[in-house]
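Counting from 1, the numbers follow the sequence of the chain as shown.
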Amino acid sequence: MLQKSNALAKKEAKYRVLFFQKASLITFYCVAVFSADYSRASGEPFPIGARSWGLGNATAAIADKQSVFNNPAGLGFITDNYISTSYHNRYTIAGLNTFSLGGNFNHKIANIGLTIERFGDKLYHEQKLGLALARSSNRVSLGIKVSYLQAAIEGYASKHTLLTEFGVMAKLSSALHFGFSAYNLTTARLFVSQHVPTVLRLGFSYQPARQLLLTGEAEKDLVLPTLFKVGLEYEIVKKFYLRTGITSKLNNAHFGIGFQAKQFIFDYAASSHSVLGFSHHLTLAYQLVKTPQKSL
């Protein structure tokens, strides 16, 4: 009887240790994610794409293969169809990883984009599925996106919500573009203590020469100070790019490279935080249809 009682006590102690380990890990992940990314769900809206990170995420006015994630209006100006996948590891911490898969299809009525994102691990994870539509005239493009976001803590709770995005992009000339996007206009939230922010972004891109691209952006979370971002991309040889960018108030620096071999595109970026360390970002993409660009 005594042996049975001791075995039961040991078993209870083991479960108690496992419980506190799991609770500690969940707490650590939440603190790491929320502190590093302004108490947001996985840092929502999390920028997707190594090119974006190489440019300091100043991408509100850039129409490229990642517009389906970062500003749906950019889809309206894309003349080619892409499939891309990205991997993001924040601060080299296991469990703070984001995987994404996205693609677009151009149609005469409207351009369509689909996205899939997953953040976290089995203890805490988020999944997001999005559908974007965009339509453009010669110089202005409008885009909308609706996403289903689900978050779950293992053995505790699972929540889901719908997010809405709106974007507009304008070509003032062949060299100067402006873009605006609004994220989570309906102020949706997940857990009571985990809100999904409403974020407004206004930016520009300026290409004074074929090899050089300059970008800038102001980002405003409705409950946080405004962030300013700038980025630079330079094509040192044909189809090989160097990128850099900085972000105000976050002590972040960004560096990246990219190259295209026929229809295959590779982008890599590293971003550094003065306290939390380095993050790594990788994107692989395939250009399905190659068509000539429309002239303005």
Side-chain angles (χ1 to χ4, degrees), residues 21-57 59 65-66 68-70 82-103 114-130 147-161 163 183 190-191 194-197 199 243 245 247 250-258 265-286:
Q21 285 178 342
K22 182 179 289 189
S24 298
L25 282 171
I26 292 173
T27 301
F28 170 76
Y29 288 154
C30 290
V31 169
V33 173
F34 300 161
S35 297
D37 293 300
Y38 319 112
S39 302
R40 301 171 175 180
S42 76
E44 285 289 325
F46 184 74
I48 296 294
R51 187 190 185 203
S52 300
W53 282 89
L55 291 169
N57 294 316
T59 57
K65 59 188 179 296
Q66 305 301 153
V68 66
F69 293 99
N70 300 324
Y82 295 92
I83 294 177
S84 68
T85 181
S86 297
Y87 168 75
H88 302 273
N89 174 251
R90 278 173 268 188
Y91 319 120
T92 64
I93 297 175
L96 298 186
N97 302 320
T98 298
F99 296 90
S100 71
L101 177 66
L114 292 173
T115 62
I116 301 173
E117 300 173 51
R118 179 179 171 85
F119 164 81
D121 59 12
K122 67 178 184 178
L123 291 178
Y124 176 82
H125 62 268
E126 297 175 11
Q127 300 175 107
K128 185 159 65 171
L129 177 65
S147 300
Y148 171 80
L149 175 64
Q150 181 189 49
I153 300 175
E154 185 186 30
Y156 175 67
S158 176
K159 297 289 184 178
H160 59 85
T161 189
L163 302 175
Y183 183 85
L190 287 167
F191 302 100
Q194 184 186 20
H195 75 288
V196 180
V199 178
R243 304 177 181 118
T247 304
L250 289 181
N251 300 317
N252 281 354
H254 301 253
F255 308 92
I257 61 171
I265 303 169
F266 169 86
D267 294 309
Y268 168 78
S271 56
S272 67
H273 191 284
S274 61
V275 176
L276 299 172
F278 278 91
S279 299
H280 300 277
H281 317 274
L282 176 67
T283 296
L284 299 175
Y286 182 74

* Closest approach of Gly56 and Thr247, non-hydrogen atoms and distance? -> O-OG1, 3.6 Å
* Asked: How many angstroms lie between CD1 in Ile48 and NZ in Lys65, if you round to the nearest 0.5 Å?
  -> 13.0 Å
* To do: Would you please say whether a donor-acceptor pair under 3.5 Å links the side chains of Ser271 and His281?
  => yes
* Would you indicate whether the side-chain heavy atoms of Tyr82 and Val68 approach each other to under 4.5 Å? => no
* **Side-chain touch Phe266/Leu284, heavy atoms, less than 4.5 angstrom** => yes
* Asked: If you round to the nearest 0.5 Å, how far is OG1 of Thr59 from CD of Gln66?
  -> 9.5 Å
* Quick one: pull up CD in Glu126 and CD1 in Ile153 and give me the separation to the nearest 0.5 Å. => 10.0 Å
* Applying side chain to side chain donor-acceptor pair (under 3.5 Å) between Thr98 and each of Lys128, His88, Arg90, report the one that passes. => Arg90
* Looking only at heavy atoms, which two atoms of Asp267 and Gly258 are closest? And how far apart? -> OD1-CA, 3.4 Å
* **Donor-acceptor contact present, side-chain Arg243 to main-chain Phe255, <3.5 Å** => no
* Sub-3.5 Å donor-acceptor pair from the side chain of Ser272 to the main-chain atoms of Phe278, do we have one? -> no
* Approximate separation, where rounding is to 0.5 Å, of Thr85 OG1 and Leu101 CG -> 5.5 Å
* Asked: Which pair of non-hydrogen atoms, one from Thr283 and one from Ala50, has the smallest distance, and what is that distance?
  -> OG1-N, 2.9 Å
* To do: Run through His125, Gln127, Arg118 and flag the one making a side chain to side chain donor-acceptor pair (under 3.5 Å) with Gln150.
  => Gln127
* With rounding to the nearest 0.5 Å, note down the distance linking OG1 in Thr115 to CG in Leu129. => 6.5 Å
* Do you see a donor-acceptor pair shorter than 3.5 Å between the side chains of Tyr87 and His280? -> no
* Heavy-atom closest pair, residues Tyr124 and Ala151 -> OH-CB, 3.8 Å
* Structure fact -> Taking every heavy atom of Phe69 against every heavy atom of Ile116, the minimum-distance pair comes out as CE2-O, 4.4 Å
* Are the side chains of Leu96 and Phe119 in touch, meaning some heavy atoms are under 4.5 Å apart? -> yes
* **Heavy-atom pair with the smallest gap, counting every atom of Val199 and Pro45** => CG2-CD, 3.6 Å
* Atom OG of Ser86 and atom CH2 of Trp53: how far apart are they, to the nearest 0.5 Å? -> 12.0 Å
